[in-house]
Every structure is written in structure tokens, then in C-alpha cells.
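Ligands are counted one by one from 1 in listed order, and the atoms in each one are counted from 1 as well.
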Amino acid sequence: MTGCIFCKIIAGESPGTIVFRDGQATAFRDLLPAAPVHILIVPNKHIDSVNALEDEDEQLIGHLFTVARRIAAQEGIAEGGYRLIVNTNAHGGQTIFHLHLHLLGGSRMKHPMG
Ligand code: AMP
Ligand code: ZN
């Protein structure tokens, strides 16, 4: 989508530290990491948010979790643990309107959230 920063990173038109890419998804390091490991996993096709998902996206969303599992292992945080977050709209704190899964790990997360 024109003007979407994550679409530009996926297309290689904006800088990003890409750690994974396949036909359906791309993962890159968050610009302002909130944890020692902070990676964003995004579908290659533009989807605004969870609210914009369609039934046929179910496989794609499952794939984002598969990618998260692989990256967690690759980054050495699988055993210690990690947090996966998807923010949606204002109350969820979404700031970039290209659906993304935050993978956070490498230190103990605070609890509770919110
Ligand atoms: P959210 O608030 O859930 O929409 O998350 C958006 C995330 O994107 C934030 O953690 C930002 O730090 C991150 N971010 C914004 N711009 C970039 C960028 N150009 N490259 C990597 N991460 C970014
Ligand atoms: Zn986009």
C-alpha cells in the first residue's frame, strides 16, 4: 500500500534489519526495541489490522506464529520465553496500520500488561 512504511521495508524501498523472509511473511528488528530481542513479523500483503482480516487469511495468520516460533529458536530465546503481541487500533496502542506480530524476549517481561 502506498505510504505504508512496513510495505516499503518489505519491498526493500526503506531500510530495515530483515531477519526472515519467505513468500508470505517478513520479519525485521523493531526500530525502538522494548526488549533485548524485539522483532516484528508481518504479512507481505498489506492488511490494516486484525479488524481487516478475512476468513481466507486464517492460514496466513497461523504462518506468522510458525515464523515467530522459528525466529525465537534462531534468536536463542525459545527456552527462556518470550511474548507475542498484536496491538489493534487506538485502545490497543496500534501506531503502524500494517498488521504485525511483536516478538519480545531476552529478558523477563513485566506483568500484568496494560
Ligand atoms: P504498534 O504500536 O503495535 O503499531 O507497533 C509499531 C512498532 O513499529 C513500534 O514498536 C515501532 O517502534 C516500530 N517501528 C516504527 N517504524 C519502524 C521502522 N521504520 N522500522 C522498524 N520498526 C519500526
Ligand atoms: Zn503495508
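Under 4.0 angstrom from ligand 1, the non-hydrogen atoms of Leu40 all belong to its side chain. Counting heavy atoms under 4.0 Å from ligand 1, residue His102 touches it through the side chain alone.
Among all non-hydrogen protein atoms, the one lying nearest atom 4 (O) of ligand 1 is Thr95 N, 2.7 Å. The nearest protein atom to atom 10 (O) of ligand 1, hydrogens excluded, is given as Asp30 OD2, 2.5 Å; this is a heavy-atom distance. Considering only non-hydrogen protein atoms, atom 21 (C) of ligand 1 sits nearest to Leu31 N, 3.3 Å. Nearest protein heavy-atom contact of atom 15 (C) of ligand 1 is Ile96 CD1, 3.9 Å. Here the protein heavy atom with the shortest distance to atom 5 (O) of ligand 1 is His100 NE2, 3.0 Å.
For ligand 1 and Leu32, the ligand atoms under 4.0 Å from any heavy atom of the residue are 12 (O). Of all the atoms in ligand 1, the ones that sit under 4.0 Å from a non-hydrogen atom of Arg29 are 21 (C). Close contacts of ligand 1 with Gln94, meaning ligand atoms under 4.0 Å from a residue heavy atom, involve 4 (O). Atoms of ligand 1 lying under 4.0 Å from any heavy atom of Ile5, numbered from 1 in the order shown and given with element: 19 (N).
In His98, the N, O or S atom that comes nearest to the Zn ion (ligand 2) is ND1. Restricting His46 to its N/O/S atoms, the shortest distance to the Zn ion (ligand 2) is reached by ND1.
Between Pro43 and His98, the shortest heavy-atom contact is O-NE2, 2.8 Å. A pairwise comparison of heavy atoms in Leu64 and Val42 identifies CD2-C, 4.0 Å as the closest pair. The two residues Ile9 and Gly16 make their nearest non-hydrogen contact at CG2-CA, 4.2 Å. Nearest approach of Arg69 to Tyr82, heavy atoms of both residues: CA-OH, 4.3 Å.
Side-chain polar atoms of His91 and Asn89 form no donor-acceptor pair below 3.5 angstrom. With no hydrogens or angles considered, no side-chain donor-acceptor pair links Asn87 and His100 at under 3.5 Å.
Residue contacts with ligand 1 include Ile9, since one or more of its heavy atoms lies under 4.0 Å from the ligand. Within the structure, the closest approach of Phe97 to ligand 1 does not fall below 4.0 Å when heavy atoms are considered. Using a non-hydrogen distance threshold of 4.0 Å, Gly93 registers as a contact of ligand 1.
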List the steps and the verdict of side chain to side chain contact (heavy atoms under 4.5 Å, CB included) for Ile85 and Leu104. CA-CA 8 Å; Ile85 300 172; Leu104 293 147; 3.4 Å; yes
Would you please test Phe6 and Phe28 for ring-ring contact (aromatic ring centres under 6.0 Å, His included) and show each step? CA-CA 10 Å; Phe6 286 0; Phe28 48 88; 5.1 Å; yes
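Salt-bridge annotation for Glu75 and Arg70: absent, with no side-chain N of the basic residue lying under 4.0 Å from a carboxylate O of the acidic one.
Ring pair His38/His102 is tilted by interplanar angle, where 30° to 60° counts as tilted.
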